[in-house]
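So you know, we letter chains A, B, ... as the sequences are listed, proteins then strands, and number each from 1. Reckoned from all heavy atoms, side chains included, excluding hydrogens, waters and symmetry mates.
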Amino acid sequence: MSDFQDPKAHLFALVQTALTSVAPDLTDLTFVIERPKQAAHGDYACNVAMQLTRSLRRNPRELAQAIVAALPESTCVIKTEIAGAGFINFFLSSAARTQVVKLAQEQGERFGRSEYGARKKVQVEFVSANPTGPLHVGHGRGAAYGASLAAVLDFAGYKVQREYYVNDAGRQMDILAVSTWLRYLEQFGIDVPFPKNCYQGDYVREMARQIKESHGDRYVHQPWTVLEGVKSAEEDVEEHLDGLIANAKKLLEDDWHYIHNFALNEQLGDGRNDLAEFGVHFDNWYSEKSLYDSGLVERAMDQLEANGHIYLQDGAKWFRSTHFGDEKDRVVQRENGLFTYFASDIAYHQNKFERGFHKVINVWGADHHGYIPRVKGALTALNMDPEKLDIALVQFANLIRDGKQVSMSTRSGEFVTLRELRAEVGNDAARFFYVLRKSEQHLDFDLDLAKSQSNDNPVYYIQYAHARICRVQEEWGGVRADLAGANLDLLGNEHETAILRRLSDFSETIENAAREYAPHLVAFYLKDLAAEFHSYYNAERFLVDDAELTLARIALIDAVRQAMVNGLALLGVSAPEKM
RNA sequence: GCGCCCGUAGCUCAGUGGAUAGAGUGUUGGCCUCCGAAGCCAAAGGUCGCGCGUUCGACUCGCGCCGGGCGCGCCA
């Protein structure tokens, strides 16, 4: 019976056996066993004869004949034929075709899992948005993609860690803290003009209000002290802001850390809740600040310097990334002594590698693509293998409302938040919509379309198929254990054959999605499966007078149900029994 | 200017180097006395941006163009 566990692998082995007599000298031949597009071409087709034709200088159809003649006997195969340019088409026995139904019964929620990843440790780092405000719809795409990718990798047999890199150090957090403080001062009538390059959103006012409520006027300072020695915003907006930050630190002393941490924890907590409601969870939240506190940044810089990849110019320290294919060298330590974001990022990636992953996968917005050469260069410079780092670039998600693009900017406060999006279209539709495009494709998220009680929305199409199956099974009234005794040889009409083929491809689809970092393949698979089910539903009745046939059909659609439950779970979409 | 991504039906998009390129949506016409019509069936719709190359075979790989998006800071 083990032959039937995976018919495709079985056929592959048969062909390889045949090759040992037909072409014993060829060792590095590549060929595939694949699903023909048309059912008339059999259950599987093999292109090996065409691949052989050049090296053996023989007619491909003749070679196909020779290979077919050399194939070992198999109860799996009832017929082979040679077609087209030299394809070998295989027609499987009923038992081989229907074994997937038994597999689904036996494996249940594990149906579709595989050992493809061989328990190798991989890390998926995603979202990693600065905790300086609510997550917006762009982050949503990274969240949905990363979560689905991680789930797919897990299902394909990898040991997956989901990580969020928290940018809790650096200037952006200082800007959030000073923004909060200035809003706080406003509540006491302290008139310090709120800079344009501070965070404008109402959530900043809300945090200021909370601080006032808990601590009264404790953090109030007079405007002239706040502005003392600060360059005017008209002169230089960035230096103006840096001056405000410096004064805030000086005036508030230890209280600065309170405000800073309060704002950080509020925003990080808000993002964490938002993501959890979206069905997106992380195993590890890695703090950028901890890289400094534990000396990892300095250690990484020292090692780069010891390896001779750092030089001094204009008072700053530069990493010679051009040596590793980058277009220019990059500053790691500024003239003022502060490390750049790049410096902590080098230490972070070094640390990731030291944690022993087989693959480290970063999900980044496509606008960061120019950043890849310098990070890989730094890893190379630290004697690490840059091939172990994969960057999955996710293209922009634009939001369309009333046929127009909505502008998004955290600083200006004009963004549409992920929370708002979820409220409008629902978590299921949002999760599914986000992964229905391959990551390299720009996504226009049409709010009006997604909002409209959408028959257009494919998630309903799939969920409806699932609900229909549940309804039929309810009507049937039997118990799932009865299905083990079904005579599956009764399944053979056009619709049943198509569904059996589709179900047999489930596990392989997951593997492909894992290999290509392409969870959208799962979404499209489920759409196709649902379409075949709906078509079957309309063409045939499941509950018929013939009890044996009924049982076989219920067994089949139960396997469809299982594939849908498992597949939708990977995408973070629910599988309701009623809609 | 350089780099990355995209270009497939009117529109939105799938398509591990294989046989006659597929869905959804839109248009037109059908299907509920029957397990849920949020469904199904059918018709119509294509120089796969253009050119050259590799290959037995190219939407798929390579090179060069054309068009669109994004990125090229001592920002993160």
Side-chain angles (χ1 to χ4, degrees), chain A residues 30 32 34-38 40-41 45 47 49-54 59-60 83-87 89 129-130 132 167 169-173 175 238 288 313-318 326-328 330-336 338-342 344-345 365-373 393-396 398 436-444 446 449 453-461 463-465 467-476 508-509 511-512 515-516 518 520-521 523-524 527-528 530-531 533-544 550 553-554 557 578-579:
Chain A
T30 58
V32 293
E34 61 188 353
R35 285 284 189 199
K37 283 178 192 151
Q38 293 170 66
H41 291 146
N47 67 346
M50 281 103 80
Q51 300 294 343
L52 276 173
T53 189
R54 184 157 62 164
N59 179 305
F87 292 99
N89 294 337
N130 284 342
T132 52
N167 295 117
R171 185 163 178 264
Q172 294 305 318
M173 271 312 303
I175 295 173
E238 296 303 327
E288 180 190 9
Q313 187 181 306
D314 304 330
K317 281 188 179 178
W318 298 70
D326 198 5
E327 54 192 18
K328 56 171 71 167
R330 309 290 173 176
V331 171
V332 289
Q333 190 171 16
R334 290 193 279 262
E335 196 177 357
N336 63 13
L338 294 176
F339 288 109
T340 60
Y341 175 86
F342 180 43
S344 54
D345 231 20
D367 53 331
H368 286 66
H369 75 265
Y371 203 70
I372 297 171
L393 292 176
V394 179
Q395 294 291 327
F396 263 46
N398 291 317
L436 200 53
R437 297 277 177 277
K438 60 182 171 190
S439 56
E440 300 91 336
Q441 184 76 246
H442 293 265
L443 171 65
D444 283 342
D446 189 329
L449 179 71
Q453 249 333 354
S454 42
N455 307 352
D456 307 339
N457 195 331
V459 70
Y460 291 123
Y461 185 79
Q463 289 179 324
Y464 184 48
R468 270 181 152 179
I469 294 171
C470 293
R471 179 77 188 91
V472 172
Q473 291 186 333
E474 190 184 323
E475 193 74 15
W476 169 59
E508 190 179 337
T509 300
E511 289 175 10
N512 290 340
R515 187 182 57 252
E516 307 290 331
H520 78 278
L521 294 175
F524 279 92
K527 259 174 76 173
D528 289 340
F533 169 76
H534 284 307
S535 183
Y536 183 35
Y537 183 98
N538 275 75
E540 305 282 350
R541 282 189 64 81
F542 306 119
L543 306 174
V544 292
T550 296
R553 288 182 169 171
I554 297 293
I557 64 172
K578 289 187 169 68
M579 296 172 67

**Student:** If I take atom CD from residue Glu440(A) and atom CG from residue Leu393(A), how far apart are they, to the nearest 0.5 angstrom?
**Tutor:** 8.5 Å

**Student:** Output the single nucleotide from rA38(B), rC13(B), rC74(B) whose closest atom is nearest the side chain of Tyr460(A).
**Tutor:** rA38(B)

**Student:** Quantified in whole Å, what is the C1' atom distance between nucleotide rU60(B) and nucleotide rG45(B)?
**Tutor:** 24 Å

**Student:** Does rG17(B) have a Watson-Crick or wobble mate here (both distances under 3.5 Å), and if so which one?
**Tutor:** none

**Student:** Does Asn89(A) contact rA19(B) through a side-chain donor or acceptor facing the base, at a distance under 3.5 Å?
**Tutor:** yes

**Student:** At less than 3.5 Å, do the side-chain atoms of Asn47(A) and the base atoms of rG18(B) form a donor-acceptor pair?
**Tutor:** yes

**Student:** Classify the angle between the aromatic ring planes of Tyr341(A) and Tyr371(A) as parallel (below 30°), tilted (30 to 60°) or perpendicular (above 60°).
**Tutor:** tilted

**Student:** When the distance from OH of Tyr537(A) to C1' of rC40(B) is rounded to whole Å, what number comes out?
**Tutor:** 11 Å

**Student:** For the pair made of CG in Leu521(A) and C1' in rG22(B), what is the distance, rounded to whole Å?
**Tutor:** 15 Å

**Student:** Answer with yes or no whether Gln441(A) presents, from its side chain, a donor or acceptor under 3.5 Å of a partner atom in the base of rG69(B).
**Tutor:** no

**Student:** Using whole Å, report how far CE of Met579(A) lies from P of rC35(B).
**Tutor:** 18 Å

**Student:** Out of Arg468(A), Glu475(A), Gln473(A), which one pairs with Arg471(A) under the side-chain contact (heavy atoms from CB on, under 4.5 Å) rule?
**Tutor:** Glu475(A)

**Student:** Once you round it to whole Å, what is the distance between C1' of rC56(B) and CZ of Phe87(A)?
**Tutor:** 11 Å

**Student:** As a test of reading the structure: which of rC75(B), rG39(B), rG68(B) is closest to the side chain of Arg334(A), going by heavy atoms?
**Tutor:** rC75(B)

**Student:** Base, sugar-phosphate, or nothing for Lys578(A), non-hydrogen atoms under 4.0 angstrom?
**Tutor:** base

**Student:** Mark yes or no for a side-chain to base donor-acceptor pair under 3.5 Å between His368(A) and rG71(B), with no hydrogen or angle criteria applied.
**Tutor:** no

**Student:** What is the base-pairing partner of rC4(B), counting Watson-Crick and G-U wobble geometry with both distances under 3.5 Å?
**Tutor:** rG69(B)

**Student:** Should rA44(B) form a Watson-Crick or G-U wobble pair with both distances under 3.5 Å, which nucleotide is its partner?
**Tutor:** none

**Student:** Using the side-chain hydrogen bond (donor to acceptor under 3.5 Å, both in side chains) rule, take Ser344(A) and Glu288(A) through it: C-alpha gap first, then chi angles, then the decisive distance, then the call.
**Tutor:** CA-CA 7 Å; Ser344(A) 54; Glu288(A) 180 190 9; 2.9 Å; yes

**Student:** What does Arg515(A) touch in the nucleic acid at a heavy-atom separation under 4.0 angstrom: a base, only the sugar-phosphate, or nothing?
**Tutor:** nothing

**Student:** As an exercise, state the distance from CG of Leu52(A) to CG of Asn47(A), rounded to the nearest 0.5 Å.
**Tutor:** 9.5 Å

